[in-house]
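Sequence positions, counted from 1, serve as the residue numbers for this chain. Atoms within each ligand, like the ligands themselves, are counted from 1 in listed order.
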Amino acid sequence: MALVMGVDSSTQSCKVVITDAATQTVVRQGRASHPDGTSVDPEAWWRALQEAIADAGGIDDVEAWAIGGQQHGMVALDAEGRVVRDALLWNDTRSAQAASDLTAEFGAEELARRTGLVPVASFTITKLRWLRDHEPENAARVAAVALPHDWLTWRLRGFGPDIESPRGPVLDELVTDRSDASGTGYWDPATGGYDRELLIAALGHDVVLPRVLGPDEWVTDAAGRRVGGGAGDNAGAALGLGAGPGDVVVSIGTSGTVFAVSEERTIDPTGTVAGFADCTGRFLPLVATLNAARVLDAIGRVLGVDHAELSRLALGAEPGAAGLTLVPYFEGERTPNLPDATASLTGMTLASTTRENLARAAVEGMLSGLAAGLEALRLLGVPLERALLVGGGAQSEAVREIAPLVLGLPVEVPEPGEYVALGAARQAASVLSY
Ligand SMILES: Nc1ncnc2c1ncn2[C@@H]1O[C@H](COP(=O)(O)OP(=O)(O)O)[C@@H](O)[C@H]1O
Ligand SMILES: O=C(CO)[C@@H](O)[C@H](O)COP(=O)(O)O
């Protein structure tokens, strides 16, 4: 039996699955936590990856691997391969002004046409502009820019700055895949090439960027094993789920995302739908919100209850929560683009202000952002027949029951599983020709 490893290095944790390459059956798995915060030292992800691999029983018997991960984070490296500063994550909104500046300089339509994206603070290009404007000395030291999954792939292949990495800082060995490259804001989904003019406009100078591996391309690690190009986490989930035409994946993790696999690339000059690529050679129109599973975590904390009790409370209230409405912009918001917004609770009367209604308003408010995303996909002509609900928030019974009402689509909840890591494992199996 040939074994392969797939990884999901997500916002909150690192998950590893080791599967039978022929059947995709999970043989072993492991996980480790990531630190909180929107600005993180990538070394913490590297330690978590090693911990999760150890938790999964090691990879000595694995023949190929691939890593999926949270998208967009800026991992800036100097000429020696050292990280220049903590990575700015997809949910760090400090680059909101940089996003507006870049949009003003090039125009939303042109950027959507050239990259599939209209900049918001989540995208890597805005983080590079922020670095140029706010930390010019750090910006000047940047020799390469990678994304979280690119950097971890590079480290696990045996590259890196220190004696721990005997293969040395070979920046040209950085690789990525189409899906994550398409979230940078300086990659063109039409040509599959980087848009260096935009990169230079953002950072101020040219740098090494990871080579974009095609769906069946692979590199090797220090042990000679095949390594796939990996994936952004959403594209990884689409692959792991085997999502097809008519399916829309609704993922409730730290981010809320709705996305579909499409044969055609999408261009949305309003910026609501990101015109990402997937990791199989197709496209992945996607809408993302900054406020998803943590909305439930926050309201659970306020009510002093765990997830199970929060769910029970929410299901004890009527639809509409007697008019209590939570607009859950706790971390600002990305869709709609309101980086400085805060959350609000309205419709409070003596009658409506109950624990049950507050729990229900949290679930309904969080899902409403995703329903707006579905509508935006529908307006772009993406066929939507059923929703596949995944991510940590999908473990909530209340979310599962209320989702069809708010989303207005039949909702299927696949067997609980680490679909991003499973997608990465599927890619690893395919580079072994399974
Ligand atoms: N039963 C549950 N009900 C609601 N939320 C849950 C439940 N179980 C886990 N979560 C939440 O799901 C989130 C983690 O989901 P995950 O998809 O792994 O996130 P990410 O991919 O962003 O790291 C956490 O915020 C966690 O509290
Ligand atoms: O920014 C996006 C997609 O554009 C997010 O989906 C990130 O990729 C983080 O994902 P999770 O860790 O929340 O799953």
Are [X] and [Y] close enough that a side-chain donor and a side-chain acceptor fall under 3.5 Å?
X	Y	answer
Thr126	Ser95	yes
Thr289	Asn291	no
Thr272	Thr270	yes

How does Asp297 reach ligand 1, by side chain, by backbone, by both or by neither, if only non-hydrogen atoms under 4.0 Å count?
side chain
Which option, [options], owns the non-hydrogen atom nearest [atom]?
atom	options	result
atom 3 (C) of ligand 2	Asn234, Leu89, Val120	Asn234
atom 5 (C) of ligand 2	Gly73, Ser255, Ser10	Ser255
atom 5 (N) of ligand 1	His307, Gln70, Glu397, Glu418	His307

Hey, could you give me the CG/CD distance between Asp92 and Glu331, rounded to the nearest 0.5 Å?
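Nearest 0.5 Å value for the CG-CD distance: 10.0 Å.
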Just verifying a value: how many Å separate Asn337 CG and Glu333 CD, rounded to the nearest 0.5 Å?
9.0 Å
Just heavy atoms, cut-off under 4.0 Å: does Thr254 contact ligand 2 by side chain, backbone, both, or neither?
both
Classify the contact between Thr257 and ligand 2 as side chain, backbone, both or neither, using a heavy-atom distance cut-off of under 4.0 Å.
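Just the side chain.
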Which protein heavy atom lies closest to [atom], and at what distance to 0.1 Å?
atom	answer
atom 22 (O) of ligand 1	Thr254 OG1, 2.4 Å
atom 12 (O) of ligand 2	Thr11 OG1, 2.5 Å
atom 17 (O) of ligand 1	Gly392 N, 2.9 Å
atom 10 (O) of ligand 2	Asp233 OD2, 2.7 Å

Can you tell me if Arg334 has a non-hydrogen atom under 4.0 Å from ligand 2?
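It does; at least one heavy atom falls under 4.0 Å.
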Report the C-alpha distance between Asp233 and His149 in whole Å, list the side-chain angles of each, state the deciding distance to 0.1 Å, and finish with yes or no for side chain to side chain donor-acceptor pair (under 3.5 Å).
CA-CA 9 Å; Asp233 53 1; His149 107 258; over 6 Å; no
Parallel, tilted or perpendicular, judged at 30° and 60°: which one describes the rings of Phe159 and Trp154?
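Taking Trp154 first and then Phe159, their aromatic rings lie parallel (interplane angle under 30°).
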How far apart are the C-alpha atoms of Val17 and Leu422, what are their side-chain angles, what is the distance that settles it, and do they pass the side chain to side chain contact (heavy atoms under 4.5 Å, CB included) test?
CA-CA 7 Å; Val17 296; Leu422 287 167; 4.1 Å; yes
Those atoms of ligand 1 less than 4.0 Å from some heavy atom in [X]:
X	value
Gly393	5 (N), 12 (O)
Ser10	20 (P), 21 (O), 23 (O)
Gly391	17 (O)

Any N/O pair Ala293/ligand 1 closer than 3.5 Å
no
So, regarding Lys15 and ligand 1 (criterion: nitrogen or oxygen to nitrogen or oxygen, under 3.5 Å), is there a contact or not?
yes
Going through the checks in order, is the salt bridge (Lys or Arg N to Asp or Glu O under 4.0 Å) test met by Arg294 and Asp36?
CA-CA 12 Å; Arg294 280 176 169 164; Asp36 270 345; 3.6 Å; yes
Should you measure from each heavy atom of Gln71, which atoms of ligand 2 turn up under 4.0 Å away?
3 (C), 4 (O), 7 (C), 8 (O)
Atoms of ligand 2, numbered as shown, that sit under 4.0 Å from any heavy atom of Phe276:
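The list of qualifying atoms is 4 (O).
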Output yes when the distance from some N or O of ligand 2 to some N or O of His72 is under 3.5 Å, and no in every other case.
yes
Run the ring-ring contact (aromatic ring centres under 6.0 Å, His included) test on His72 and Tyr186 for me, step by step, so that the C-alpha distance in whole Å, both residues' side-chain angles and the decisive distance to 0.1 Å come before the verdict.
CA-CA 11 Å; His72 316 306; Tyr186 44 83; over 10 Å; no
Could you tell me whether the side chain of Asp20 and the main chain of Leu3 form a donor-acceptor pair under 3.5 Å?
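No; zero donor-acceptor contacts below 3.5 Å.
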Donor-acceptor pair, side chain of Trp187 and main chain of Gly192, under 3.5 angstrom:
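The answer is yes, because a donor-acceptor pair under 3.5 Å joins these two groups.
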